[in-house]
Amino acid sequence: TAPKIKVDFDQTAGVSIMTLQNPPVNSLSLDFLTEFCSALEKLEMDKSCRGVILTSGQPKVFSAGLDIMEMYGKSPERCGEFWRAVQEMWLKLYSSNMVIIAAINGSSPAGGCLMSMTCDYRIMADNPRYSIGLNETQLGIVAPFWFKETMVNTVGHRTTEIALQLGQLYSPTEALDIGLVDKLVPEDQIIATATQTMTKWLAVPDHARQITKSMMRKPTIDKLMSKREPDIQNFVSFITKDPIQKSLGLYLAMLKKRKS
Ligand code: CO8
């Protein structure tokens with residue numbers, strides 16, 4: 001099967017571009033997450049790679065978030081395995097020693113927004129058709145505490161309170177206004193802008209920047225690390241409940257219908 005992640009490493013700059021290519025919408029399936037984590041781990045171990053730019057190889061979508069099919073009609077064991085992989089992706093990204101910049105060249109709901117928020121800096125294409133946010137409540141599900149805390153750490157408590165309850169998806173302009181993204185650029189300039197921004201971040205001595213990053217993020221990371229098992233149990237018992245399965249079923253049907 002074709003690789004779901006493409007890695008282009010620029011040895012001179014010390015920067016890798018990771019392109020997500022899980023058609024059609026880069027949904028985060030168990031296979032995708034496993035491949036993503038192993039690719040990121042490889043770069044993390046490689047001392048010559050100091051920065052990563054995350055972007056999508058699919059048109060119009062950065063990532064559609066967690067693969068709903070992984071949460072619909074699956075056994076508790078399988079749901080648990082999936083959730084552990086979601087935790088692993090978050091932990092690896094949020095605690096990375098590398099500078100990670102998101103080049104958000106399409107819509108980025110739910111898990112896609114989470115992935116973006118783990119990055120150090122977010123650049124989004126200024127296309128008003130794209131949207132970003134944690135829309136979980138709209139699917140009848142609840143964003144876990146570490147999704148919530150990642151958003152609080154990004155845009156603050158009050159904005160998160162509104163965003164999460166409404167399950168709000170923001171246009172690029174709105175996302176810039178609330179600080180959910182840091183910069184908007186025309187889509188064809190997104191990689192060039194990310195590369196320029198990376199140069200600025202990499203000009204800071206690594207050790208000082210890494211310790212600072214860890215100081216900012218450690219409380220949230222430690223919290224999930226110490227609650228991984230109960231968080232998995234919580235997810236499995238929630239997602240396998242009949243009314244939740246029903247909501248997911250309706251949401252999936254809505255997604256398909258919207259298309260025709
Ligand atoms: N998972 C699985 N399949 C998906 C997903 C997804 N997340 N998103 C889209 N698809 C499917 C569609 O159903 C469609 O399938 P088909 O071709 O068979 O009809 C195909 O992908 C293409 O989708 P679209 O036609 O909708 O493509 P567009 O380019 O028009 O739109 C969007 C792209 C904007 C990404 C749109 O597909 C969309 O809004 N998708 C849903 C996004 C979403 O709501 N994701 C939420 C996932 S939940 C999550 O990430 C966190 C859950 C936390 C769990 C906590 C529980 C305790």
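Throughout, residue positions are numbered sequentially from 1 according to the sequence presented. One-based numbering, in listed order, for ligands and for the atoms of each.
Every N/O-N/O distance between Ser107 and ligand 1 stays at or above 3.5 Å. Some N or O of Ile68 is nearer than 3.5 Å to an N or O of ligand 1, by distance alone. The shortest N/O to N/O separation between Phe147 and ligand 1 does not fall below 3.5 Å. Taking only nitrogen or oxygen atoms, main chain and side chain alike, Lys256 reaches within less than 3.5 Å of ligand 1.
In summary, the side chains of Glu149 and Tyr94 do not present any donor paired with an acceptor at a separation below 3.5 Å, with no hydrogens or angles considered. At a cut-off of 3.5 Å, with distance as the only test, a side-chain donor of Glu44 or Ser96 sits close to an acceptor on the other residue.
With rounding to the nearest 0.5 angstrom, the CD atom of Gln196 is 8.0 Å from the NZ atom of Lys183.
Of all atoms in ligand 1, numbered sequentially from 1 with element shown, those under 4.0 Å from a heavy atom of Arg258 are 24 (P), 26 (O), 30 (O), 31 (O), 36 (C), 37 (O). Against a heavy-atom cut-off of under 4.0 Å, Tyr251 is close to the following atoms of ligand 1: 41 (C), 43 (C), 44 (O). Heavy-atom proximity to Ile141, at under 4.0 Å, picks out these atoms of ligand 1: 52 (C), 54 (C). Shown in contact with Phe238 at under 4.0 Å from a heavy atom are these atoms of ligand 1, numbered in order with element: 57 (C). Taking a cut-off of under 4.0 Å to the non-hydrogen atoms of Val142, the atoms of ligand 1 that pass are 55 (C), 56 (C), 57 (C). Close approach of ligand 1 to Gly111 is summarised as follows: ligand atoms under 4.0 Å from at least one heavy atom of the residue are 49 (C), 50 (O). Atom numbering of ligand 1 starts at 1 in the shown order; those under 4.0 Å from a heavy atom of Phe235 are 56 (C), 57 (C). In summary, the atoms of ligand 1 found under 4.0 Å from a heavy atom of Gly65, numbered by their order in the structure, are 50 (O).
With respect to Glu81 and Arg78, no salt bridge is recorded, no charged nitrogen being found less than 4.0 Å from a carboxylate O. A salt bridge does not link Asp206 with Lys47: none of the charged nitrogens is closer than 4.0 Å to a carboxylate oxygen. Ion pairing between Lys92 and Glu88 holds under the 4.0 Å rule for side-chain N and carboxylate O. Looking at Lys218 and Asp222, a side-chain N of the basic residue comes within less than 4.0 Å of a carboxylate O on the acidic one, giving a salt bridge.
Within 6.0 Å of NZ on Lys60 lie no more than 12 heavy atoms contributed by other residues, nucleotides or ligands.
In this structure, Phe32 has no ring pair (Phe, Tyr, Trp, His ring centres under 6.0 Å) partners at least two apart in sequence or on a different chain.
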Given side-chain contact (heavy atoms from CB on, under 4.5 Å), test Cys49 with Met98 step by step and report yes or no. CA-CA 8 Å; Cys49 181; Met98 300 181 289; 3.9 Å; yes

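Closest of all the heavy-atom pairs between Leu164 and Lys148 is CD1-CG, 3.6 Å. Residues Ile239 and Cys79 share a closest heavy-atom pair of CG2-SG, 3.9 Å.
At the top of the distance list for atom 20 (C) of ligand 1, counting protein heavy atoms only, stands Pro24 CG, 3.8 Å. Among all protein heavy atoms, the one lying closest to atom 7 (N) of ligand 1 is Leu66 O, 3.0 Å. Atom 51 (C) of ligand 1 has as its closest protein heavy atom Glu136 OE2, 3.1 Å. With respect to atom 49 (C) of ligand 1, the closest heavy atom belonging to the protein is Ala110 CB, 3.3 Å. Nearest protein neighbour of atom 9 (C) of ligand 1, counting heavy atoms only, is Val25 CG2, 3.6 Å. With hydrogens left out, the protein atom closest to atom 39 (O) of ligand 1 is Leu255 CD2, 4.1 Å, a heavy atom. Counting protein heavy atoms only, atom 19 (O) of ligand 1 is closest to Lys259 NZ, 3.3 Å. Looking only at protein heavy atoms, the nearest one to atom 33 (C) of ligand 1 is Val61 CG2, 3.6 Å.
With distances taken over non-hydrogen atoms, the option nearest atom 48 (S) of ligand 1 out of Gln138, Met71, Arg129, Glu70 is Met71. Summarising the contacts of atom 3 (N) of ligand 1 with Leu114, Ile239, Asp67, the nearest heavy atom is found in Asp67.
The aromatic rings of Trp83 and Phe147 sit parallel to each other, their planes meeting at less than 30°, with 60° as the upper class boundary.
Between Ala143 and ligand 1 there is no heavy-atom distance shorter than 4.0 Å.
Under 4.0 angstrom from ligand 1, the non-hydrogen atoms of Ala64 come from both its backbone and its side chain.
The one candidate from Thr197, Ile191, Thr193 that meets the side chain to side chain contact (heavy atoms under 4.5 Å, CB included) condition with Thr195 is Ile191.
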